[in-house]
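Shown next, in C-alpha cells, is the structure this report addresses.
Since the model is a prediction, treat every value here as computed from it, not as a measurement.
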Amino acid sequence: MTNPLLDITDLPLFDQIRPEHVAPAVDQLLAEAERALETVTAPDFPADWTAIARVLDVATEKLGRAWGAVGHLNSVADTPELRAAYNAALPRTTEFWTRLGADERLYAKYKAIEVSTLTPEQRRAHHNAMRNFVLSGAELQGADRERFAEIQERQAEVSQKFSEHALDATDAFAYYAREDELSGLPEDVKQAARAAAEAEGKDGWKLTLKMPSYLPVMQFADSADLRRTLYTAYATRASEQGDAKLDNGPLIRETLALRQEESRLLGYRNFGEVSVVPKMADTPQEVIDFLRDLAGRARPYAECDVADMRAFARETLGLSDPQPWDWAYIGEKLKEDRYAFSEQEVKQYLPEPKVLAGLFKIVETLFDVAIRRDSAPVWHPSVEFYRIERGGALVGQFYLDPSARTGKRGGAWMDDVRARWLRPDTGVLQTPVAHLVCNFAEGVDGKPPLLTHDDVTTLFHEFGHGLHHMLTQVNEHDVSGINGVEWDAVELPSQFMENFCWEWDVLRHMTAHVDTGEPLPRALFDKMLRAKNFQSGLATLRQIEFALFDMLLHTQHDPAADFMPLLAEVRAEVAVLQAPAFSRPVHTFSHIFAGGYAAGYYSYKWAEVLSADAYAAFEETVRDDGTPNPATGRRYREAILEAGGSRPAMESFKAFRGRAPTIDALLRHQGMAS
C-alpha cells in the first residue's frame, strides 16, 4: 500500500495518515535526506546556492512537510497509538536536524559561496544560515560537539513530554455538577455540559478545564465553591499537587539545565543571551528594562482596577475578602454593572459563520484578495479548507480547525504546512499553505457555534499570522512568509489584525443574532467600546509578569534551584493581585517549555508596540465613511506582509511607517496614555 506520508506532492492526505505509516516514512525520508547531505558536502560538489538547494533543500523540505503533518496530527488528533509512533520517531528526526545544523562540511560549503552572486533574498537567507550554523554548534569540536547533539535530542524529548503532561492533566479532570450549582452559567454552556455528561451516560453536567467550559464558570458561576473547585484544578495542573506521573516540575528543571549547558558550550553566559541573537532586541537587559518600564506605566492603572473591584465586591456582592477564584467573577459583574452588558449578551450576535464572513470581507477589501472555499483531505469533520486568490491566481491556502475537543491541544496557533518557494528542482512556484487552529465551543441544539468577542479577537490574531505566511511575495524558501522573521517581530501582523475587531464598520458586518438574525446594535457596540480598556492595566501586568519571569529564569536563575521563589519575587515586583501559594502556572507554561518562546515571551509586548504603531497609520488615513483606507492596506501588505523575512523587521516597519516605532500608540490604544 502507498504510504500517504510519502505522497505529499501537493497537500497532506490527512484522512489517510495512520500511526503505522510514521516509522517507515521517516526511515525513507531520513535516508533520502542523508544521501542529499552526503552529495552536497562531497569535495567536488560546487559551493553554489542553487545547486545545494536543488539537492539538499528539496530533500529536507520533503522530510519537513511529512514530519510536520505527523506533528500537526499529534497536536489536534492525539491518540495513544499516534503519540507512541511520534515519540518513537522524534529522537531520530531531532538527531538528523541537529547534525545537519552543525555539519562542518556543509558549513564550509556555505562559507565558500560567493555572496556577491546572490539575490537580495538569497543573501538574507545566507546571512541567517551562517548565524544558525554557529548557534547550532557547527564550530564545536570533539566531545563538545557530541554533547551539544545529545542536548538537542534530549530537549526535544523533554519538550514533547511536557506538552503531553499538560494535555493529559487538562483532559483528566472532569466535574459533574448538580443543577443547583449552575446558577449564573450561560444557557449554551449548560447545554454543552449536559450533552457532554449524557454522551458518557452520566448524570449531571460535565465541566472541564477546556477553555469553553472553564472560563465561563470562572466568569459567571454564582457558586464560589464551584469556582474554587475548577480554579484549584486548573491552577495545579501537571504539578506535584496532582498525579505524580504528570508532574512537569522535573522536566522544567531538566530543560533549564540543558539550556544553560547549551549556552555555555556556545560561549554565552546564559540562554537569554542565546535567545536574543536572532531577535530584534540586542540584549536580555534591554528586554528586562523594556518590561520594567512598561510595568511602571501600567501599575497605577492596575491598582485602580483592583481598588474598583474590591469596592464593588464589598458594596454590591457582599464579598469583603475576595479569593483568587472570585476575581474573574467580580470583574465580569463589575463590567456588567458599569457598562450594562455582558460577554454573553454580545456572544449571541457572533455566530461563527457570520464572523468568518466578516473577517474575510475586511481581508479582501484591505489586501485586494479573494477568499474562497476549497477542498482537501482533513483530519476532523469540523475542519474547513480555503484558498486565497488575487486577480484569479492562487496566492495561498489554509486549513481552519476552530473547535475544542478531547485529544486536541489547548490554545490557538498558526503553523505552516508549506512555504512559498520557487522550487529549484522544477522551476515551479510553490504556493504557501497554513494551519489556523483555535479552541472555540461547539454549537448546541443545532445552532452554529457562538464566539465571544475575545474569541473573535483570537481568530483575527491567528489569521494575521496566516496572512503573513500566505501573502508573501518572496520566492526564497527560508525567508518567505514567516520564515526568517525575527521572533520578537513575528507577532506584529497577528496583533495588528486584532485592532479591526474594535472598528464598528468592520464588526457590524460580522454580526447576526443567532435567533433573530438582527445585527449587533450600535448602542451595544458603544458599551463594548467604553469597556474596551476595562482592566487593561491588570492585563498588561499579567503579561509582563510572565515575560519578566521567563527572561529572568533564563538569565539570572540557577537551574538547580527551585524556580517557584523566582516566580514569587517577580509577582511581588509586578503583580497587584497575588496568586495563591498553590498556583503552579509554570508547570503548563507551554510557550516557553514546548512552544519556542523560551526567553522570548516578551515578544508579545514588544510586538504590540510595533502593531499599535502600524495600526495608527490606518487611524490617520481612515476614509470619510469610517472604513479603513485600502491604499494604506496596500502599503502595509507590500511593506510588511509581502516582504516576509527577506529583510530585517525594522526595515520593513520603517518602509511602511516612514520612521522607527514609538510606544505612544500602544499606551493610547490601551487607555494608559498620560
Ring pair (Phe, Tyr, Trp, His ring centres under 6.0 Å) partners of H453, counting only residues at least two apart:
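W502.
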I'd like to know if the side chain of T232 reaches the main chain of T229, judged simply by a donor and an acceptor atom lying under 3.5 Å from each other, with no hydrogens or angles considered.
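No, because the side chain of T232 does not come within donor-acceptor range (under 3.5 Å) of the backbone of T229.
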Would a line drawn from the ring center of [X] to the ring center of [Y] be shorter than 6.0 Å?
X	Y	result
F14	Y399	yes
H465	H469	no
Y386	F360	yes
Y597	F589	no

Not counting sequence neighbours, list each pair that qualifies as a ring-ring contact (aromatic ring centres under 6.0 Å, His included) and has a residue in residues 170-194.
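Sorted pair list comes back empty.
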Side chains of D222 and Y329: any donor to acceptor distance under 3.5 Å?
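Checked: Y329/D222 side chains pair up, N/O donor to acceptor below 3.5 Å.
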Please check if any side-chain donor atom of H165 sits under 3.5 Å from a side-chain acceptor atom of Q160, or the reverse.
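There is no such pair between these side chains.
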Below 30° counts as parallel, above 60° as perpendicular, anything between as tilted: where do the rings of H72 and W379 land?
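Perpendicular: the ring planes of H72 and W379 meet at over 60°.
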Would E198 and K206 count as a salt bridge (charged side-chain N to carboxylate O under 4.0 Å, His left out) here? Give the steps.
CA-CA 9 Å; E198 288 176 343; K206 183 182 180 182; over 6 Å; no
Tell me, do D308 and F312 make a side-chain contact under 4.5 Å, heavy atoms counted?
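No - every pair of side-chain heavy atoms lies 4.5 Å or more apart.
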Apply the test salt bridge (charged side-chain N to carboxylate O under 4.0 Å, His left out) to residues E442 and R405: give CA-CA distance (whole Å), side-chain angles for both, the deciding distance (0.1 Å), then the verdict.
CA-CA 9 Å; E442 295 182 312; R405 56 182 178 268; over 6 Å; no
